[in-house]
Amino acid sequence: MANSNIVDFPLPPAQENFDLNLVADVLVIGGGPAGAWAGLAAARAGARVVVAEKGYLGTSGTQAAAGTGAYYIKPDDPVHREGMVNSRLPIAFGFAETDWIEKVYDQSFINQDLMSRWGYAFPRTQDGNQERWGGLRAADAVQFLRHQLEKHGVTILDHSPALELLLADGAAAGATGWNRRTGKRWQVRAGAVVLATGGTAFRSGIAGGNNNTGDGYLLAVEAGAQLSGMEFSGQYGIVPKGSACSKTAVYGSATLTDAHGQVVSRGKGTTIAEIQTGHVFCKLDKYDDIGRERIQAGQPMTFQYFKRHLPIDPFTQEYEVEHILEGTIRASGGIEVGDGATTTVPGLFAAGDTTSREKLVGANQSGAGPATAWALASGSWAGHSATLFARKYGGDAATRKVAYAGTAGLRPTERARADLDVKALIAGVQDETLPVAKFYRRDGKAMSSALDKLDGLWRDARASLAGDSGLRGADYARSVVRAREAAAMIAAARWIFASAIERKESRGLQRRSDYPVIDDKQYSHVITGGLDQVWVKRKPVSGSAHLHARAS
């Protein structure tokens, strides 16, 4: 199982150079809902499990910060189920597959029922019944899942980002990383690995997104995996100006006006063009009394902002809005996965926002309900599949000879440069990815120019980026983490632009000013990967998605 990406690495560090050495059947990297469910699925199947989380498992990540719910669709409710499935297909632009949607909703239903049996406090209706639809509050659900992980004997490494994968004969065999609080270096040898690190919005300021820097993409591609649908990444949310809480659903019953009081959007729809060129103001004046009550209960984070920071009554008073990039956190591109959340690398599985969700939501954004359902479902599949792989192939996890797969930010090919500023590298990426004018509606020439710049940033990072050798302990650990975050953001942007250049049409979140319409000849997946040389290729769309290829 040789891997062409792993060549000429320096000798790996001796095992005694790590402050913490662990052996597991399954290592899960990332501790949001997807990672938590991966860990639970593996532990409930009898696996020894370690979960390594970049922050604190239970509060870290966009799900916990945003407080989103999940779809809850009963298998014995065919009318509701058929309506929900069919409602997704026209806005998927030909890529969603009915059987995948059904599988996701089935697994999400099972997981939420399990949480209820374990004691999760779903809200109650006036008649005393549990309110399952939208009742899974990510803000407390992940903390609840942490307690379940602890009950099942899972080892949790908080504040411990994984910085590189271990490979044994081309198969995933664990990872290494640092604890950002203590400065201790850790290594986990494992029979299989699950990546659940989330997507990236390039640190746009979205709530809970600071840790989401595309780390999983880089880890996966360094191991030989590939990505799909990265061009479907231009997802922006509407926020009160200066806010981080992008809850676009709030604006379904609003009036939006320009600086002259002229209505620019009423009800559903975006106002990207207007916000790009001038000031836009909003009033949530289309809600009736019941609607006001429901939207405040369903989107509490948004209304806390109005109470604490403005403060105003948004239903009767205007406030200025802007758009904030949600990127692949709320879009559909990511690591390509197959049945059982498998990747193209043996022993490596992936779940949640770090994966491609094209089979669920197509070329569109994954939203809240579908995204959470996907996290629950794909996490369970990944944990189960990783357990089976570890039992069959990973029995010698502690003794296998491993290769250390990390590249840019860890092992510079030349001498590390003290003048290579991580903040400047990240700012260079953000210059190409955050502005609405560049990233929302794209142009081939502008994207080629951006990709050339990003390629230059990657070459600098690959040659000379590393942790600050003048620091010690936790300070040094954090400098290494920052270096890897910069490398991951550069890499993610390169894969996005390369894919967007390849797709010469406008479909869903891929909007091109030079190719403004859907082109049937472009109806295929865009697959990408590669490190020093980014590559793209086409892959036919399969399954039931063909039935909906002409959706618009």
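Small disclaimer: the values here were computed from a predicted structure and weren't measured. Atoms considered below: every heavy atom in the structure, side chains included; atoms not considered: hydrogens, waters and symmetry mates.
- Between F349 and W381, a ring centre-to-centre spacing not shorter than 6.0 Å is recorded.
- At least one donor-acceptor pair closer than 3.5 Å links the side chain of N364 to the backbone N or O of I91.
- D353 and T328 share no donor-acceptor pair across their side chains, judged by distance under 3.5 Å alone.
- Residue H384 qualifies as open at atom NE2: its count of foreign heavy atoms under 6.0 Å is 12 or below.
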Checklist entry - Step by step, would you call R146 with D158 a salt bridge (Lys or Arg N to Asp or Glu O under 4.0 Å)? => result CA-CA 11 Å; R146 180 190 180 98; D158 290 311; 2.8 Å; yes
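- Taking all atoms of both residues into account, the shortest heavy-atom contact from E164 to A405 is OE1-N, 3.5 Å.
- By the 4.5 Å heavy-atom criterion applied to side chains, Y217 and L195 are not counted as neighbours.
- Side chain of S378 to main chain of A351: no donor-acceptor pair is present (N/O by atom type, distance under 3.5 Å, no hydrogens or angles).
- When all heavy atoms of A52 and S160 are compared, the pair lying nearest together is CB-O, 3.7 Å.
- Aromatic ring pairs are classed by plane angle as parallel below 30°, tilted from 30° to 60° and perpendicular above 60°; the pair F144 and W118 is parallel.
- Between the side chain of R203 and the backbone N or O of T200 there is no donor-acceptor pair closer than 3.5 Å.
- At least one side-chain heavy atom of L40 sits under 4.5 Å from a side-chain heavy atom of L149.
- The closest side-chain heavy-atom distance from L20 to L157 is below 4.5 Å.
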Checklist entry - Step by step, would you call T155 with V51 a side-chain contact (heavy atoms from CB on, under 4.5 Å)? => result CA-CA 6 Å; T155 299; V51 178; over 6 Å; no
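- A 6.0 Å sphere centred on NZ of K184 holds no more than 12 heavy atoms belonging to other residues, nucleotides or ligands.
- Closest approach of A201 to L325, counting heavy atoms only: CB-O, 3.4 Å.
- Between H159 and the choices N179, T182, V481, the side chain to side chain contact (heavy atoms under 4.5 Å, CB included) rule is met once, by N179.
- A 4.5 Å side-chain heavy-atom check between L465 and L425 finds at least one atom pair inside the cut-off.
- With hydrogens and angles disregarded, a donor-acceptor distance shorter than 3.5 Å links the side chain of Q430 to the backbone of F202.
- For the atom pair L167 CG and L348 CG, the distance stands at 8.5 Å (nearest 0.5 Å).
- By the side-chain contact (heavy atoms from CB on, under 4.5 Å) test, E502 pairs with V526, V536, R538, sequence neighbours left out.
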Checklist entry - After noting the C-alpha distance and the side-chain angles of T98 and E102, does the key distance pass the side-chain hydrogen bond (donor to acceptor under 3.5 Å, both in side chains) rule? => result CA-CA 6 Å; T98 303; E102 293 272 7; over 6 Å; no
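- The only option from E222, Q187, R411 that meets the side chain to side chain donor-acceptor pair (under 3.5 Å) definition with Y404 turns out to be Q187.
- Put simply, the side chain of W495 never gets that close to the backbone of Q226: no donor and acceptor are under 3.5 Å apart.
- Figure legend: cation-pi geometry between R185 and Y476 absent, as NZ or CZ is not positioned both under 6.0 Å from the six-membered ring centre and within 45° of its axis.
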Checklist entry - Would R503 and E231 count as a salt bridge (Lys or Arg N to Asp or Glu O under 4.0 Å) if you check the C-alpha gap in whole Å, the side-chain angles of each, and the deciding distance to 0.1 Å? => result CA-CA 8 Å; R503 183 173 294 284; E231 71 275 23; 2.6 Å; yes
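- Across all their heavy atoms, A477 and W178 have their closest contact at CB-CE3, 3.5 Å.
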Next on the checklist: Between V193 and L165, does the side-chain contact (heavy atoms from CB on, under 4.5 Å) criterion hold? Intermediate values first, please.
Outcome noted: CA-CA 9 Å; V193 178; L165 292 181; 4.1 Å; yes
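- Two residues are said to be in side-chain contact when any heavy atoms from C-beta on lie closer than 4.5 Å; T176 and L166 meet this criterion.
- Separation of atoms CD1 (I335) and OG1 (T354) is listed at 4.0 Å; rounding is to 0.5 Å.
- Looking at heavy atoms from C-beta onward, W37 lies in side-chain contact with N111 at the 4.5 angstrom threshold.
- A salt bridge between K103 and D339 is present, with a side-chain N of the basic residue lying under 4.0 Å from a carboxylate O of the acidic one.
- With rounding to the nearest 0.5 angstrom, the OG atom of S499 is 12.0 Å from the CZ atom of R494.
- With 3.5 Å as the limit, one finds no donor-acceptor pair spanning the side chains of S204 and E326.
- Two residues are said to be in side-chain contact when any heavy atoms from C-beta on lie closer than 4.5 Å; H525 and E336 fail this criterion.
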Checklist entry - Taking it one step at a time, do V429 and I426 satisfy side-chain contact (heavy atoms from CB on, under 4.5 Å)? => result CA-CA 5 Å; V429 178; I426 293 175; 5.7 Å; no
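- At least one side-chain heavy atom of V221 sits under 4.5 Å from a side-chain heavy atom of L227.
- Qualifying salt bridge (charged side-chain N to carboxylate O under 4.0 Å, His left out) partners for D468, counting only residues two or more places apart in sequence or in other chains: none.
- Rounded to the nearest 0.5 Å, atoms CD1 (I496) and CE (M230) are 4.5 Å apart.
- Screening residues 39-55 for side-chain hydrogen bond (donor to acceptor under 3.5 Å, both in side chains) gives D25-R48, E53-S60, K54-T213, K54-D215, K54-E485 as the qualifying pairs, with residues at least two apart or on separate chains.
- The minimum heavy-atom distance linking V402 with A168 is given by the pair CG1-CB, 4.4 Å.
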Checklist entry - Can you list the steps and then say if T407 with L531 is a side-chain contact (heavy atoms from CB on, under 4.5 Å)? => result CA-CA 9 Å; T407 59; L531 296 168; 4.2 Å; yes
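- Looking at W458 and D532, their side chains do bring a donor and an acceptor atom within 3.5 Å of each other.
- Between the CH2 atom in W100 and the CG atom in L360 there is a gap of 9.5 Å [rounded to 0.5 Å].
- How far CG of L114 is from OG of S380: 8.0 Å, rounded to the nearest 0.5 Å.
- When all heavy atoms of S385 and G340 are compared, the pair lying nearest together is OG-O, 2.7 Å.
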